Each structure stands twice: as structure tokens, then as C-alpha cells.
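One structure below.
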Amino acid sequence: MRAPGFWWREAPTPAARLLGPVGALYGALAARRMARAGAAPPCPVVCIGNFSLGGAGKTPTALAVAALLRGLGRRPAFLSRGYGGRLPGPVRVESGRHRADDVGDEPLLLARAAPAIVARDRVAGAQACIEAGADIVVMDDGLQNPSLAKDLAIAVFDGAVGLGNGRVFPAGPLRAPADGQWRRIHAALVIGEGAPGARVLAQARERGVPALSGRLVPDPAVAAALAGRPVLAFAGIGRPEKFFATLRDIGADLRGTRTFPDHHAFTAAEADALAAQAAAQGLLLVTTEKDRVRLPAAMPVTTLPVVLALDEPEALGALLRGL
């Protein structure tokens with residue numbers, strides 16, 4: 001789905017007020033579910049989640065956490081529900097064998113860095129991580145899922161939008177009431193700049209929650225190659241405008257943009273139309289790594305990889321060493 005614009009307006013709009021009672025009911029059910037006790041994990045579990053629907057940078061954060069864990073001598077494996085995939089799991093993701101419609105898009109990216117398990121049953125998935133050789137599990141998403149107890153829960157926020165209007169879906173972007181979610185995390189990570197993100201960091205400090213910050217950095221070689229190039233950019237992520245802004249920041253000549261819903265399953269007709277438009281206008285077709293795995297392998301498209309750069313990596317390292 002595409003997030004409605006009123007979600008990100010701090011002052012409540014008529015639509016937000018109208019949907020408020022539905023959001024209150026949804027929030028109460030979500031809070032009750034989150035309060036359930038989770039099963040004891042077979043090894044430490046680090047959960048990378050967010051308070052809101054849509055993207056905030058969880059997958060780059062999970063990759064950065066796994067890299068830090070490897071530097072500490074640990075053997076991480078990723079655990080994902082596999083949103084958008086058809087396989088219930090537990091199944092170990094193999095890039096040459098599985099597609100995005102099998103296991104979802106994010107697990108295909110995670111599997112490049114470490115063993116990745118897709119499982120709707122998180123407890124069984126954690127056990128599958130152990131069987132894959134892991135001594136620690138990194139969950140990509142699942143903050144609101146109570147089935148597996150978390151040793152370290154990190155909530156990721158987009159600095160440009162923070163908590164949005166602070167209301168629960170569908171009146172706002174929150175998956176559950178903010179107060180209940182704050183009580184269940186051990187650290188807050190704000191990615192990118194913006195006053196909303198600064199307010200999130202201030203709230204974290206007021207609550208005694210470690211406040212971390214960072215930014216997504218484009219691959220320097222690809223960024224240099226795109227500088228000055230006329231491009232047609234498209235994305236089906238939580239906030240496609242973030243990707244388009246990154247392209248502008250690196251100097252790409254953005255001649256056109258196309259947006260799709262998050263985790264959009266591209267049809268062959270859509271892929272052909274994008275390629276045809278770029279060819280007809282003499283533009284380079286560019287998208288995100290997450291979108292690329294949902295497209296035909298032979299499609300002529302350039303990707304712009306990004307990685308998380310933490311402002312104080314030692315602060316996150318200290319939290320991981322404490323596991």
C-alpha cells in the first residue's frame with residue numbers, strides 16, 4: 001500500500017480524526033498482542049524493527065548489525081517473516097534457487113551477507129538459524145511479534161518523518177500505540193536528518209533509551225558513475241522520495257520518476273514499459289537493490305546500493321557486546 005500523506009502531518013487532519021476510533025481499536029489489539037510473553041530463544045536474539053508501517057532502513061541496519069557481530073567473533077544468521085513471499089518456512093534462502101515471490105525481497109539481500117532463514121513461525125525459524133550454524137539471531141522486523149523473546153530490540157526511525165502524526169493505523173502510521181512500543185525497545189536508531197527524527201532522539205533520551213543516529217550512504221563507485229547522467233528512477237519502497245532525493249544528492253540528472261507501493265510485485269508489462277520509456281527518452285533506468293530482486297533478471301536497470309553509516313558505531317557495538 002501507499003502511505004497517505006496525512007500520516008506525516010503533525011497536526012491531525014480530518015481524515016486522521018475520522019479514522020481515530022478504528023485506530024484506537026487496532027492499537028488496543030496490537031498492544032494486547034505485544035504484551036504476550038515470548039518463547040525463550042535458543043540463542044541471543046537481536047530484533048531490528050520499527051514503530052511504523054513502511055520502510056525506515058531496517059534491512060541496512062540488520063546488515064550493519066551482522067557486520068558488527070562478526071567483528072565481535074559471533075556467527076549471526078538473519079530471521080525474516082519473508083513478507084511478500086509464498087513459502088511459510090522455515091527455509092534457508094538461496095539466491096540461485098529462490099525468487100522474491102518465494103521468500104520476499106529483503107531476505108534475498110540479507111542472504112548475500114549471512115545465512116538467512118524465512119519463517120512465519122519465529123520460534124521454529126530461530127531453531128533453523130542455529131541449525132544453519134548461527135550463535136546469534138538477527139531479526140529483520142518483528143518488533144510487534146511476541147512469539148520469540150528478544151534480548152536486544154532496536155527500533156529504527158526515518159529522521160525525515162519520525163512518528164508521523166503519532167496515531168495508530170489507519171489514522172496514522174504506527175503499528176501500535178507509541179508508549180507501549182517505547183517500553184519494549186532497548187535502543188532507538190534515527191536514520192537521516194530532520195526535525196521529526198531529532199524529536200524521536202529527544203524522547204529516547206528522556207526515557208533513558210540509548211539514542212543512536214546514522215545515515216544511508218550510497219556506494220561511491222556507483223554514485224560517481226551516475227553523477228550527471230540523465231536517469232529515469234523508480235522505486236517500490238516505503239518512501240520512494242527518499243531514493244529520488246539520494247539520486248539528486250549524488251548529482252544524477254533526474255528526468256523522471258515512477259513510484260510503486262512498498263514490496264510491489266512488478267508485472268512483466270510494467271517492467272517492459274519502464275524499459276521502453278527509458279530507451280525511448282535516452283535515459284538510464286535506475287532503482288533500489290530491494291526493487292531489483294523483484295524484477296526480471298535480464299531487465300536493463302542500474303541499482304544504487306546504500307549502506308548504513310553510524311555516527312557512533314561504538315555505541316551500538318557496546319550494546320552488542322553486552323549480549
Side-chain angles (χ1 to χ4, degrees), residues 41 43-52 54-80 106 109-110 113-114 129 134-144 148-164 174-175 178-220 238-239 242 246 305-323:
C43 66
V45 171
V46 181
C47 176
I48 312 299
N50 62 344
F51 283 17
S52 304
K58 295 187 299 296
T59 299
T61 301
L63 290 166
V65 165
L68 287 170
L69 287 169
R70 284 193 296 271
L72 295 173
R74 305 300 294 264
R75 302 187 307 277
F78 297 110
L79 174 59
S80 171
E106 285 130 346
L109 300 180
L110 296 171
C129 288
D135 64 0
I136 190 164
V137 171
V138 179
M139 289 179 65
D140 185 14
D141 211 355
L143 180 62
Q144 293 77 22
L148 188 65
K150 292 99 173 167
D151 296 274
L152 177 63
I154 302 171
V156 183
F157 301 85
D158 182 340
V161 297
L163 295 174
L174 298 185
R175 303 184 186 198
D179 282 346
Q181 298 201 72
W182 276 113
R183 289 195 292 269
R184 298 188 179 280
I185 66 170
H186 305 97
L189 168 63
V190 172
I191 299 179
E193 298 180 350
R199 287 192 288 272
V200 168
L201 291 173
Q203 289 181 54
R205 296 185 186 104
E206 290 172 1
R207 294 170 177 269
V209 174
L212 313 174
S213 59
R215 61 199 181 283
L216 296 180
V217 179
D219 180 277
R239 288 208 314 117
K242 284 198 304 182
T246 298
V306 295
V307 297
L308 174 64
L310 292 163
D311 293 334
E312 297 180 1
E314 63 277 6
L316 179 55
L319 291 172
L320 297 175
R321 280 193 296 273
L323 293 172

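These numbers were taken from a predicted model, which means no experiment stands behind them.
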*Between R175 and F51, is there a donor-acceptor pair closer than 3.5 Å when you use the side chain of the first and the backbone of the second?*
no

*Can any side-chain N or O of K150 pair as donor or acceptor with the backbone N or O of R184 at less than 3.5 Å?*
no

*Which atoms form the tightest heavy-atom contact between P44 and L323, and what is the distance?*
CB-CB, 4.5 Å

*V156 to A56 - nearest heavy-atom pair and separation*: CG1-O, 3.4 Å

*Give the intermediate values and the outcome of side-chain contact (heavy atoms from CB on, under 4.5 Å) for residues M139 and L148.*
CA-CA 10 Å; M139 289 179 65; L148 188 65; 4.2 Å; yes

Distance-only criterion, 3.5 Å: show the donor-acceptor pairs between side-chain atoms of residues 195-211 and protein atoms not counting sequence neighbours.
residue: R199; atom: NH2; partner: E10; partner atom: OE2; Å: 2.2
residue: R207; atom: NH2; partner: D179; partner atom: OD1; Å: 2.8

*Rounded to the nearest 0.5 Å, how far does SG of C47 lie from NZ of K58?*
10.0 Å

*Distance from I191 atom CD1 to K242 atom NZ, nearest 0.5 Å?*
7.0 Å

Non-neighbouring partners of [X] that pass side-chain hydrogen bond (donor to acceptor under 3.5 Å, both in side chains), sequence neighbours left out:
| X | value |
| --- | --- |
| R239 | D158, E241 |
| S213 | D311 |
| T59 | D140 |

*Please determine which of L189, I154, T61 meets the side chain to side chain contact (heavy atoms under 4.5 Å, CB included) test together with L316.*
I154

Is [Y] close to [X] at the side-chain level, that is, under 4.5 Å between some pair of heavy atoms?
| X | Y | answer |
| --- | --- | --- |
| C43 | V137 | yes |
| L63 | L308 | no |
| P41 | D151 | yes |
| V138 | L110 | no |

*Applying side chain to side chain contact (heavy atoms under 4.5 Å, CB included), name anything that partners A309, two or more places apart in sequence or on another chain.*
R215, V217

What side-chain donor-acceptor pairs closer than 3.5 Å can you find for residues 64-76, not counting sequence neighbours?
residue: R70; atom: NH1; partner: A113; partner atom: O; Å: 3.4
residue: R74; atom: NE; partner: D135; partner atom: OD2; Å: 3.4
residue: R74; atom: NH2; partner: D135; partner atom: O; Å: 3.2
residue: R75; atom: NE; partner: G133; partner atom: O; Å: 2.8

*asked:* Could you walk me through whether L152 and L319 satisfy the side-chain contact (heavy atoms from CB on, under 4.5 Å) test, starting with their C-alpha distance in whole Å, then the side-chain angles of each, then the deciding distance to 0.1 Å, before giving a yes or no?
replied: CA-CA 8 Å; L152 177 63; L319 291 172; 4.1 Å; yes

*Between F157 and W182, what is the ring plane arrangement, given parallel below 30°, perpendicular above 60°, and tilted in between?*
parallel

